[in-house]
Amino acid sequence: MKKSKLFLLAIVLLTPKLVFAESACNYEEQVEINNIVANVNATYEAVEIYNGKTFDIDNRNEDGSIPEVDSYIKGFNINIMNITDDIYVVVSNNKNSDVKTFYYRDTNEGEATFQVKDALSLVTYTIEIHSNKYSCVGELFRKFTITTPIYNAYSESVACKDNSGFYYCQEYISSENISVNEFTKQVQEYQIKKQEEQEKENKKGFDLKEFFKNNKFTIITISGIVVIAGVATTVILLKKKRSRVL
């Protein structure tokens, strides 16, 4: 597996803790389980996942044959942390019927990780945390979601080389992508706006008239002080000169 340089923190949408009045556990047991499930959290990490061999038709060997190279596709590692023996986690998503269940024995010291190869559409994962303790085993105590972003192929385009600040030039985006025509239109508008802002910034060079207008009172005050100081100095020098003559 080849990891991407980009690491993404998941946006976790939390819902209130779910404690049922008709729970088979007593109040103290429910409080204990609630404290455990409150520590569970999830993140996702953008990675490149090995996808077998493919032929590299753009780089032929010296004898003209086509070499085989390793193939990678964009995907994510989903990480769920702080799973204990007292709970288990069920993960589903809004794209297919795949459901994963993790007990502490399935984790690496409380952390469960699974890979997904879908980086071309927004996928929301629902994480349900159930009790695995006392008489309320199986009861749902908490539920939250994380949504993985979309890999944006436009980010590799020539148009994005000098426009990295443009939303649709980011490597990953958190909304559905747009058509080629719409992308071309929006990136051109972005370039025009950026150029106008640059020209405006360049025109902000020192303008004497504008400086005087904005600092008129200060300039007059300082000028007055300088003039007064100059006159006073002249008077003092003249008095000293006359004293020497006398």
Side-chain angles (χ1 to χ4, degrees), residues 1-51 72-152 170-177:
M1 178 186 68
K2 183 180 179 182
K3 291 189 176 181
S4 167
K5 291 182 179 179
L6 177 65
F7 293 87
L8 303 167
L9 290 179
I11 299 174
V12 179
L13 305 177
L14 300 177
T15 58
K17 296 174 183 177
L18 301 175
V19 177
F20 303 103
E22 65 276 14
S23 174
C25 283
N26 62 40
Y27 178 75
E28 289 76 15
E29 292 169 343
Q30 291 179 46
V31 170
E32 179 186 340
I33 296 171
N34 267 323
N35 288 334
I36 295 170
V37 303
N39 291 321
V40 176
N41 56 69
T43 63
Y44 61 77
E45 175 188 352
V47 295
E48 293 185 352
I49 302 171
Y50 180 70
N51 197 43
Y72 295 87
I73 61 173
K74 302 289 184 179
F76 298 97
N77 281 348
I78 308 294
N79 308 302
I80 306 171
M81 284 79 73
N82 301 322
I83 299 173
T84 72
D85 266 330
D86 302 322
I87 59 175
Y88 65 91
V89 174
V90 178
V91 184
S92 58
N93 67 82
N94 66 336
K95 287 295 182 181
N96 55 49
S97 58
D98 185 34
V99 177
K100 300 180 183 298
T101 302
F102 298 99
Y103 290 86
Y104 181 77
R105 62 177 178 268
D106 305 315
T107 72
N108 179 17
E109 297 183 347
E111 180 174 340
T113 300
F114 63 95
Q115 286 191 334
V116 291
K117 293 183 177 181
D118 187 0
L120 299 179
S121 60
L122 294 175
V123 181
T124 297
Y125 295 88
T126 299
I127 299 170
E128 298 180 346
I129 310 170
H130 298 256
S131 170
N132 193 38
K133 191 176 184 181
Y134 300 128
S135 55
C136 51
V137 172
E139 289 183 14
L140 175 64
F141 271 72
R142 182 179 167 215
K143 178 168 67 174
F144 63 90
T145 63
I146 62 171
T147 300
T148 52
I150 295 175
Y151 170 70
N152 176 27
Q170 297 177 34
E171 186 176 10
Y172 288 87
I173 57 177
S174 56
S175 61
E176 295 294 342
N177 223 321

Colleague: Can you find a pair of side-chain heavy atoms, one from Ser92 and one from Val99, that are under 4.5 Å apart?
Modeller: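 Sidechains of Val99 and Ser92: in contact.
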Colleague: Check for a donor-acceptor pair, side chain of Asn93 on one end and backbone N or O of Asn96 on the other, with a separation under 3.5 Å.
Modeller: yes
Colleague: Whether the side chain of Ser135 engages the backbone of Ala24 through a donor-acceptor N/O pair (distance < 3.5 Å, no angle test) should be reported.
Modeller: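 Between the backbone of Ala24 and the side chain of Ser135 there is a qualifying donor-acceptor contact (under 3.5 Å).
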Colleague: Less than 6.0 angstrom separating the ring centers of Tyr172 and Phe76, yes or no?
Modeller: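 Centroid distance Tyr172-Phe76: below 6.0 Å, so yes.
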Colleague: Is it the case that the side chain of Asn82 and the backbone of Asn39 share a donor-acceptor pair, with hydrogens and angles ignored and the cut-off at 3.5 Å?
Modeller: yes
Colleague: Rounded to the nearest 0.5 Å, what separates atom CD1 in Ile127 from atom NZ in Lys100?
Modeller: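 If I round to the nearest 0.5 Å, the distance is 12.5 Å.
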Colleague: Compare all side-chain heavy atoms of Glu45 with those of Thr113 and state whether any distance is below 4.5 angstrom.
Modeller: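 In short, these two side chains do not touch, never coming nearer than 4.5 Å.
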Colleague: Looking only at heavy atoms, which two atoms of Lys95 and Ser121 are closest? And how far apart?
Modeller: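 Smallest interatomic distance, heavy atoms only, reads CE-OG, 3.8 Å.
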Colleague: For the atom pair CE (Met81) and OG1 (Thr107), what is the distance rounded to the nearest 0.5 Å?
Modeller: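 Reported to 0.5 Å precision, the distance equals 12.0 Å.
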Colleague: What is the distance from atom CD1 of Ile150 to atom CG of Leu122, rounded to the nearest 0.5 Å?
Modeller: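 Those atoms lie 4.0 Å apart.
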Colleague: Have a look at Phe114 and tell me which of Asn79, Asp98, Asn77, Val91 forms a side chain to side chain contact (heavy atoms under 4.5 Å, CB included) with it.
Modeller: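 In the set Asn79, Asp98, Asn77, Val91, the residue that makes a side chain to side chain contact (heavy atoms under 4.5 Å, CB included) with Phe114 is Val91.
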Colleague: Any side-chain donor-acceptor pair under 3.5 Å between Thr145 and Thr126?
Modeller: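 There is no such pair between these side chains.
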Colleague: Could you list all the salt bridge (Lys or Arg N to Asp or Glu O under 4.0 Å) pairs where at least one residue sits in residues 78-87, not counting sequence neighbours?
Modeller: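 Residue pairs with at least one partner in residues 78-87: Asp86-Lys133.
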Colleague: Would a distance-only check, ignoring hydrogens and angles, find a side-chain to backbone donor-acceptor pair under 3.5 Å from Asn132 to Tyr88?
Modeller: no
Colleague: Output the distance between atom OG1 (Thr124) and atom CG (Asn94), rounded to the nearest 0.5 Å.
Modeller: 4.5 Å
Colleague: To the nearest 0.5 Å, what is the distance between OH on Tyr50 and NZ on Lys117?
Modeller: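 Between Tyr50 OH and Lys117 NZ, I get 10.5 Å after rounding to 0.5 Å.
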Colleague: Between Asn26 and Glu29 (side chain of the first, backbone of the second, donor and acceptor by atom type, cut-off under 3.5 Å), is there such a pair?
Modeller: yes
Colleague: Should Ile78 and Thr148 be marked as a side chain to side chain contact (heavy atoms under 4.5 Å, CB included) after you check the CA-CA gap, both sets of side-chain angles, and the distance that decides it?
Modeller: CA-CA 9 Å; Ile78 308 294; Thr148 52; 3.8 Å; yes
Colleague: Check whether any side-chain heavy atom of Val123 lies under 4.5 Å from a side-chain heavy atom of Val116, and answer yes or no.
Modeller: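 Side chain of Val123 against side chain of Val116, heavy atoms only: no contact under 4.5 Å found.
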Colleague: Answer whether the closest heavy-atom distance between the side chains of Phe141 and Gln30 falls below 4.5 Å.
Modeller: yes
Colleague: When you measure from the side chain of Asp106 to the backbone N and O of Tyr103, does any donor-acceptor pair fall under 3.5 Å?
Modeller: yes
Colleague: What's the spacing between Tyr104 OH and Glu109 CD if we round to 0.5 Å?
Modeller: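 The CD atom of Glu109 is 6.0 Å from OH of Tyr104, to the nearest 0.5 Å.
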Colleague: Go through Glu139 and Ile33 one step at a time and tell me if the side chain to side chain contact (heavy atoms under 4.5 Å, CB included) criterion holds.
Modeller: CA-CA 10 Å; Glu139 289 183 14; Ile33 296 171; over 6 Å; no
Colleague: Show your working on side chain to side chain contact (heavy atoms under 4.5 Å, CB included) between Ile129 and Phe144 and close with a plain yes or no.
Modeller: CA-CA 9 Å; Ile129 310 170; Phe144 63 90; 4.0 Å; yes
